[in-house]
**Q** 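Structure incoming, see below.
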There are 2 protein chains.
Amino acid sequence: MPKLALKLSLKGPEAEQPDRWEAQLRKGAVEMAALASLWQGRLYGLEIIRYLETHSQMALAEGTIYPVLNRLKTEGLLTSEWVEAEAGHPRKYYSLTDAGRERLREMAKAWTSFANGLSRLLEPVLNEKEKTQ
Amino acid sequence: MPKLALKLSLKGPEAEQPDRWEAQLRKGAVEMAALASLWQGRLYGLEIIRYLETHSQMALAEGTIYPVLNRLKTEGLLTSEWVEAEAGHPRKYYSLTDAGRERLREMAKAWTSFANGLSRLLEPVLNEKEKTQ
DNA sequence: GCACGATACATTGTTATCCGAGGTAATAAG
DNA sequence: CTTATTACCTCGGATAACAATGTATCGTGC
């Protein structure tokens, strides 16, 4: 057996909708999440993925995180450095710059405001207080 | 003066970034917001825009809302009916279907979970509790 | 040595979405 | 009849997530 790593997409005729919707929710929040994962210290790529999965139920693919990290690096929001591991492939550790820290603060505030607005909107739904028009 | 309604995009060499980021945040949340605006009764297109702007600081363009409404209608989550206005152009009122109501409940739950995860992630940032690595 | 698996980084193509810019229709006022 | 207002609708560009795929490095078993 050579590899057999197929992840079994199983795309049925009219299956999977919730999955795609949550992907859309992630848009825009991903950059903020990546920055946030580095708030307490440097991490390398795959570590960021695991961190976010553990700390926020946000499951990102590798094909998502690497472009994002490069984007943020280009914008000067974080830096990277290669570090040799005792075993295995060398790792590229990312750290927040001062600009990145500042930007994350702004994003966090904007996010909070945005989330509060939506929460207010969803209140009747979650509390099931229907009003018959 | 003929019209002069140009909204002044003013796309400088490296200007406007915060605006585009918030647009990304909106992706995915828009469908939910549109459904939520109809929870308490029917509204027509422009009214939905105004409702969301008032109740959640979410400013949507017309070019955004109409395709979304058609999408939701195609999925059977809402229905529409033309209603003559006493004055001006007739209005197309949208209402939630039972399926739409049910879907909105699911979305609201998923959103809450997602938002809570991110809130947890941002806690250190908002509380400014840096830990020197 | 060399095949193999594990770990890690990286890129490409597909698909979905927001929204600016533009258009149409109906009514009312000048 | 021209203009303004209100409303609905559509097209095209830009951006983003991510599945699939590829590359590089090291350790282990033979």
Side-chain angles (χ1 to χ4, degrees), chain A residues 1-11 16-17 19-34 43-50 52 58-73 75 80-94, chain B residues 1-11 16-17 19-34 43-50 52 58-73 75 80-94:
Chain A
M1 259 191 267
K3 204 156 195 188
L4 201 84
L6 41 143
K7 268 178 195 158
L8 206 3
S9 251
L10 216 276
K11 196 182 290 224
E16 65 159 345
Q17 208 125 45
D19 206 26
R20 290 240 50 82
W21 178 65
E22 300 214 7
Q24 293 308 321
L25 259 192
R26 254 167 250 140
K27 290 195 181 185
V30 165
E31 291 194 359
M32 184 176 64
L43 299 174
Y44 64 91
L46 290 185
E47 216 173 1
I48 293 176
I49 292 180
R50 293 191 206 111
L52 292 178
M58 192 185 232
L60 298 183
E62 295 178 40
T64 299
I65 203 68
Y66 290 113
V68 167
L69 290 172
N70 280 327
R71 218 154 67 213
L72 295 172
K73 189 179 167 186
E75 290 179 54
S80 64
E81 50 176 341
W82 283 103
V83 175
E84 307 274 325
E86 309 105 49
H89 193 282
R91 294 157 175 176
K92 200 185 214 172
Y93 278 88
Y94 293 89
Chain B
M1 259 193 269
K3 203 157 196 189
L4 200 84
L6 41 145
K7 268 177 193 157
L8 207 1
S9 252
L10 215 277
K11 196 182 290 224
E16 65 160 343
Q17 208 126 46
D19 206 27
R20 291 240 53 79
W21 178 64
E22 301 215 6
Q24 292 309 318
L25 260 193
R26 252 166 250 141
K27 290 194 181 184
V30 165
E31 289 195 359
M32 184 176 65
L43 299 175
Y44 63 92
L46 288 185
E47 216 173 1
I48 292 176
I49 292 180
R50 294 190 206 111
L52 292 179
M58 193 185 231
L60 297 184
E62 294 178 40
T64 300
I65 204 68
Y66 290 113
V68 167
L69 290 172
N70 281 327
R71 218 155 67 213
L72 295 172
K73 189 178 168 186
E75 291 179 54
S80 65
E81 50 178 339
W82 283 103
V83 176
E84 308 273 326
E86 310 103 50
H89 192 283
R91 295 159 175 175
K92 199 184 215 171
Y93 278 87
Y94 293 90

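Letters A, B, ... mirror the listed sequences (proteins, then strands); counts begin at 1. Just so you know, these numbers use all the heavy atoms, side chains as well, and skip hydrogens, waters and symmetry mates. Here the structure is a predicted model, which means the values were calculated and not measured.
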**Q** What is the distance, rounded to the nearest whole Å, between atom CD1 of A/I65 and atom C1' of C/dT11?
**A**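 The distance from CD1 of A/I65 to C1' of C/dT11 comes to 15 Å, rounded to the nearest Å.
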**Q** As a test of reading the structure: which of D/dT15, C/dA16, C/dC19 is closest to the side chain of B/A23, going by heavy atoms?
**A**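 Output: C/dC19.
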**Q** Mapping A/E47 and B/E31 to their closest nucleotides on DNA chain C, which lands nearer the 5' end?
**A**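 Between the two, 5'-proximity favours A/E47.
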**Q** Over how many whole Å does the gap from B/M58 atom CE to C/dC19 atom P extend?
**A**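 Answer to the nearest Å: 9 Å.
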**Q** Hey, what are the protein-to-nucleotides 6-8 of chain C N/O distances that come in under 3.5 Å?
**A**
| unit_1 | atom_1 | unit_2 | atom_2 | d |
| --- | --- | --- | --- | --- |
| C/dA8 | OP1 | A/Y44 | OH | 2.6 |
| C/dA8 | OP1 | A/R91 | NE | 3.0 |
| C/dA8 | OP1 | A/R91 | NH2 | 2.7 |
| C/dA8 | OP2 | A/R50 | NH2 | 2.7 |

**Q** Quantify the bending of the helix from C/dG1-D/dC30 to C/dG30-D/dC1 as the angle between its end axes, each fitted on five pairs, to 10°.
**A**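 Overall, the helix from C/dG1-D/dC30 to C/dG30-D/dC1 bends by 20° from one end axis to the other.
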**Q** For residues A/L46 and A/Y66, determine if any side-chain heavy atom of one lies less than 4.5 Å from a side-chain heavy atom of the other.
**A**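 The answer is yes; the side chains approach within 4.5 Å.
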**Q** Who are the side chain to side chain donor-acceptor pair (under 3.5 Å) partners of A/E81, not counting sequence neighbours?
**A**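 Counting only residues at least two positions away or on another chain, A/E81 forms a side chain to side chain donor-acceptor pair (under 3.5 Å) with A/R42.
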**Q** Which residues pass the side chain to side chain donor-acceptor pair (under 3.5 Å) test with A/T64, not counting sequence neighbours?
**A**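 Partners of A/T64 by the side chain to side chain donor-acceptor pair (under 3.5 Å) criterion come out as none, since no residue qualifies.
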**Q** Provide, to the nearest angstrom, the distance between the NZ atom belonging to B/K27 and the P atom belonging to D/dC18.
**A**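 Distance, rounded to whole Å: 12 Å.
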**Q** Over how many whole Å does the gap from B/R20 atom CZ to C/dC19 atom P extend?
**A**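 Rounded to whole Å, this separation is 7 Å.
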**Q** Using a 4.0 Å heavy-atom cut-off across all strands, classify A/Y93 as base, sugar-phosphate, or nothing.
**A**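 Since no nucleic acid heavy atom lies under 4.0 Å of A/Y93, the category is nothing.
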**Q** State which residues pass side chain to side chain donor-acceptor pair (under 3.5 Å) with B/R71; sequence neighbours excluded, sorted by chain then number.
**A**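 Expected list: B/E31.
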**Q** Can you name the side chain to side chain donor-acceptor pair (under 3.5 Å) partners of A/K92, sequence neighbours left out?
**A**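 Not a single residue meets the side chain to side chain donor-acceptor pair (under 3.5 Å) criterion with A/K92.
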**Q** Between atom CZ in B/R71 and atom C1' in D/dC9, what is the gap in whole Å?
**A**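 B/R71 atom CZ is separated from D/dC9 atom C1' by 15 Å.
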**Q** Distance check needed: C/dA16 P versus A/R26 CZ, whole Å only.
**A**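 After rounding, the reported distance stands at 16 Å.
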**Q** Expressed as a whole number of angstroms, how long is the span from B/N70:CG to D/dC8:P?
**A**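 Computing the B/N70:CG to D/dC8:P distance gives 11 Å.
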